[in-house]
Amino acid sequence: MERYNFKLIEEKWQKKWDKNKTFLSKIDKSKKKFYCLEMFPYPSGKIHMGHVRNYTIGDVLARFKILNNFNVLHPMGWDSFGMPAENAARQNNLDPKSWTEKNISVMKSQLKKLGLSIDWDREISTCSPEYYKHQQEFFLELYDKGLVYRKENYVNWDPVDQTVLANEQVIDGKGWRSGAAVERKKLNQWFFNITKFSNELLDNLKNLSEWPNKVKIMQQNWIGKSFGCEVSFKINSKKDVKQINCYTTRPDTLFGMSFLALSVDHPVAKFYEKDPEFIKFKEECSRTGTTEESIAVAEKMGFKTDLEAVNPLDEKIKVPVYFANFVLMDYGLGAVFGCPAHDQRDLDFAKKYNLKITPVVKPDNTENFEIKDIAYTGEGKLFNSNFLNNLKVPYESINKTIDYLEQKKIGKRKTNFRLKDWGISRQRYWGCPIPIAYDENNNPIKIPKELLPVELPEIKKFNSVGNPLEEMEDWKKVKINGKTCKRETDTLDTFVDSSWYFLRFCSAKNLEYGYDRKDANYWMPVDQYIGGVEHAILHLLYSRFFMHALSYQNKDFNIKEPFKGLFTQGMVCHETYKDRNNNWVSPDEITTINGRKFLKDDSKHEIKVGPSESMSKSKRNTIDPEEIIKNFGADAVRFFILSDSPPEKDVQWSDEGMVSSYKFIQKLWILNQKILDKIKINQSNTVDNELKKITSQFIQNVEINIKNFSYNKIIANFHEVYSKLNKIIEKKIGKVDWITNYKDILIAMSPVIPHFSSECLELLKIEEKISWPAIDKKILIEENINIVIQINGKTRGIISTNKDISEEQLLSEIDKISKIKNYYKNKIIKKKIFIPKKLINIVVT
RNA sequence: GGGGCGAUGGCGGAAUUGGUAGACGCGUUGGUCUUAGGAACCAAUAUGGCAACAUGUGAAGGUUCGAGUCCUUUUCGCCCUACCA
């Protein structure tokens, strides 16, 4: 028998799809649209297994929707600005542009080998001027709407590389590359006013019913809405400080206040700038500032000022004012009042500096209430609180206290958000230039529309330090309205690029504007967005913001939520290996002898097998998809990557599993030939219900499982239908029967293994346009079913009987089975529970 | 510290609304065919037991005729977030 030559067949179909533009998408109002989008890749060099998984999941859905007569948009592009290109350019002495373009062409050819149903005519690349021109226009539009502004902000500055570092590039307070101690530096930077939409971004989450709950909760926490109030504290001091305001969610604990704590960046700090003790303290604070863990563990430290704060509820109570390392300037007002009895941080602080600890909340039904090492944050009643005593904590106490403070005009109810505005300036070359210039007084001036795009100047050589744009004197000069101005040399955060690319896909070639109104209104929102959960917060939130911002004050565009459905897939994992020198070893350097692993050229020293972790270059536990496709074919890889785990969970790469998927395709091929042979022999026009039932069952299962993203179960369905067909093949079934049923089975398989299915359908001489088969539900209703017989809730037998059997009939049937009867004869039957079509439970004593 | 998710054979995982626990795959074992098999095919495979049977979904309770599924308590693991006032 002829083997399945996946190489020839897959190439044949890929060429055909390409040539016929099978997946070209056009507006067609006679059909329902379906916008299927997977997160576009960063062109890092080669595709990895994560891409294979991501794009296979999306492709199965897109092809399924096409078969169901949806008008499907399934595009692909490149998130092609970003630091890796700069790093590669620095290392290898080349320019980021050609590096990126080379990677794109490699990865594009790799993706094509997967046989994806992509409309490549809509391909976009964020680093091309045709794309970022529109982004610059959007920037200016948002600028006009007041959603973009400039302010001074701290950055992580690497003094050796002369560059700004992202938070994740700061490791233990040092630059990841240079190893130099990172400094805090104040720079003028551009911001998007994302906080303007805090409430909307939060409230709209509840309408996103097709998003994973997990992601919605993460965004909710990130936005971090809290209810509380601002309280003013009178200050007694010789300095010019009359009042300090604090934000609090617990104003009801004011009578327990024993100090006031300020951030070292608080405006009041200016009075202490020359105090050497304060300078020392501030330095100490910034030293323990970088890693998250160290922050959490860091000891509470304070610097006592000569200020004195007055308790607004009782002017007789006066407390000291400290600067404290645990108060942050960028949350609330950079100042808090300390209530040690009911806040752990305050308690730690109070103990260290011997401050008063006055409990004001006690749990109900307690007599002797004392605070020792743990602050009490639970419910209860107020005490030690003068006129607030006996109020119920928290709801009543908080609200009544705020009412009182508002009445006395010493406090104001206030909602606070954790969300901060989005800093979009990056001191980098390989990004979208910010379309702004500065006049001689350093006032920002918009680059006029007709001068867009502001193109990135080409560079030949990449210096190892700084942003090369800074040194391009010719490029920096620009004439606006006859005035010579200096260009902004910062570029945009690459998250901006990916905040609207899905919109661009709707009208990828539109020259006038970033999108075409007609196209956007037809295709948007994305019906199903698929990607890694690592983008659950920033990318998704920024994209949501961007659509809100474009919709803002815009009567032509009102798409606020870009992603109707969201699916977050898990990672692809593989065992990790280390040699005897503790160096990571790649799986393809290893050979297995008698279940033990060795280096291929060293059979003496065994390889240490580590835990399975997500594939990464640094741990060298990656599997190259191109190699795998070359050896097993795209269909087999697609089949395997879906097989082992539910798509939302991590999947374990397994060589055995891959081989078994490959073999399964081969088995399907053999079966296909057997069926073709049968069709030739038996020309009769019979109707075979068994075959029809197998077919209908399969189609129904696959359909349900695709809809629920239970792709691993589809693979099980494939195995089941194979083994059933393989059994029924010897039965005398006529030509027509085989063709009608087998055709439907092949169509139902095609979303997962499109090349194989297409080839078999062609061999079956199916020429009409295929669509998802309708099933005859009646045939799936079984006349005879299994009914479970339980005695006292334990299964004692199963009866195969007519589905409509009555309780009495069933009981008399059971009575005939002595094995079961033994369990209840000579006993009193207390109760019988009969669930038609399912079971009967006889309760005896 | 806060929040979320999860725990089922040797492994990955199935199990609509509470109703035959372990689908499907991997691995393992036995067999057939082969010069050979790391190929193909067939069979077995939760645990204990010759068997009847008993026990089994992290642990302990509870609700129910019946619990992997619901409730309470608890242990462990993973993820996110982080001095959020």
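Residue numbering restarts at 1 for every chain, and letters A, B, ... go by the order of the sequence lines. All figures in this text were calculated on a predicted structure; none of them were measured in a lab.
- Using a 4.0 Å heavy-atom criterion, one finds that A:Thr248 contacts the sugar-phosphate atoms exclusively.
- For A:Lys300 and B:rC83, a side-chain-to-base donor-acceptor distance below 3.5 Å is present, hydrogens and geometry of angles not being considered.
- Using Watson-Crick or G-U wobble geometry with both donor-acceptor distances under 3.5 Å, B:rU55 finds its partner in B:rA46.
- Contacts of A:Lys663 with the nucleic acid, taken as non-hydrogen atoms under 4.0 Å apart, involve only primed sugar atoms and P, OP1 or OP2.
- A:Lys352 NZ: more than 12 foreign heavy atoms inside a 6.0 Å radius.
- Checking the phosphate oxygens (OP1, OP2) of B:rA14, a side-chain nitrogen or oxygen of A:Asn712 falls inside 4.0 Å.
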Between A:Lys707 and A:Glu703, is the salt bridge (Lys or Arg N to Asp or Glu O under 4.0 Å) condition met? List the steps.
CA-CA 6 Å; A:Lys707 285 179 177 162; A:Glu703 194 172 324; 3.2 Å; yes
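- For B:rG9, the glycosidic angle deviates from 0 by 90° or less, giving a syn base.
- In this structure, A:Ile833 reaches the bases: a heavy-atom distance under 4.0 Å links it to at least one base atom across the strands shown.
- Distance noted for atom P between B:rG6 and B:rC70: 10 Å (whole Å).
- With 3.5 Å as the limit, one finds no donor-acceptor pair spanning the side chains of A:Asn221 and A:Arg418.
- With P as the reference atom, B:rA67 and B:rG18 are 13 Å apart, rounded to whole Å.
- Atom NZ of A:Lys727 has 12 or fewer heavy atoms from other residues, nucleotides or ligands within 6.0 Å.
- Annotation: B:rG19 and B:rU64 have their C1' atoms spaced 12 Å apart (nearest Å).
- B:rU28 and B:rU34 have their C1' atoms separated by 23 Å, with the value rounded to a whole Å.
- The residue among A:Arg418 and A:Ser645 whose nearest nucleotide of RNA chain B is located toward the 5' end is A:Ser645.
- Using a 4.0 Å heavy-atom cutoff across all strands shown, A:Glu656 reaches sugar-phosphate atoms only and no base atom.
- B:rG38: no Watson-Crick or G-U partner with both key distances under 3.5 Å is found in any strand.
- When the P atom is used for both B:rU17 and B:rG68, the distance is 15 Å, rounded to whole Å.
- The separation of B:rA23 from B:rG31, taken at their P atoms, amounts to 25 Å, rounded to a whole angstrom.
- Residue contacts for A:Val651: at a heavy-atom cut-off of 4.0 Å it reaches no nucleic acid atom on any strand shown.
- Between A:Lys300 and A:Asp346 there is no salt bridge, since no side-chain N of the basic residue sits under 4.0 Å from a carboxylate O of the acidic one.
- A:Asp343 comes within contact range of no nucleotide atom at all, as no heavy-atom separation falls under 4.0 Å.
- Contact annotation: A:Arg250 does not reach the phosphate of B:rC84 (side-chain N/O to OP1 or OP2, under 4.0 Å).
- Judged purely by distance below 3.5 Å, without hydrogens or angles, the side chains of A:Lys713 and A:Asn708 never pair a donor atom with an acceptor atom.
- Distances from the side chain of A:Lys838 to the nucleotides B:rC84, B:rG19, B:rC65 place B:rG19 closest.
- Only the P atoms considered, B:rU73 is 26 Å distant from B:rC79, to the nearest whole Å.
- Look at the P atom in both B:rA7 and B:rG12: the space between them is 12 Å, to the nearest Å.
- Among the atoms of the strands shown, only primed sugar atoms or phosphate atoms (P, OP1, OP2) are found under 4.0 Å from some heavy atom of A:Thr249.
- Considering only the side chain of A:Met218, B:rC80 comes nearest among B:rC80, B:rC24, B:rA21.
- Residue A:Lys414 has no polar side-chain atom (N or O) positioned under 4.0 Å from OP1 or OP2 of B:rA85.
- Of the residues near RNA chain B, A:Phe337 and A:Ser654, the one whose nearest nucleotide (by heavy atom distance) lies more toward the 5' end is A:Ser654.
- Of the side-chain N and O atoms in A:Lys713, none sit less than 4.0 angstrom from OP1 or OP2 of B:rG25.
- Across all strands shown, A:Lys216 has no heavy atoms under 4.0 Å from either base or sugar-phosphate atoms.
- Among the atoms of the strands shown, base atoms are found under 4.0 Å from some heavy atom of A:Val788.
- The shortest distance between the side-chain N/O atoms of A:Thr377 and the OP1/OP2 oxygens of B:rG2 is not below 4.0 Å.
- In this structure, the nucleotide among B:rU55, B:rG13, B:rA23 sitting nearest to the side chain of A:Glu720 is B:rA23.
- B:rC70 is paired with B:rG62 under the Watson-Crick or G-U wobble criterion, all donor-acceptor distances under 3.5 Å.
- A:Ser660 has a side-chain polar atom (N or O) that falls below the 4.0 Å cut-off from OP1 or OP2 of B:rC26.
- In terms of phosphate contacts, A:Tyr331 brings a side-chain nitrogen or oxygen within less than 4.0 Å of OP1 or OP2 of B:rA85.
- Of the charged side-chain nitrogens involved, at least one lies within less than 4.0 Å of a carboxylate oxygen, so that A:Lys414 and A:Glu230 count as a salt-bridged pair.
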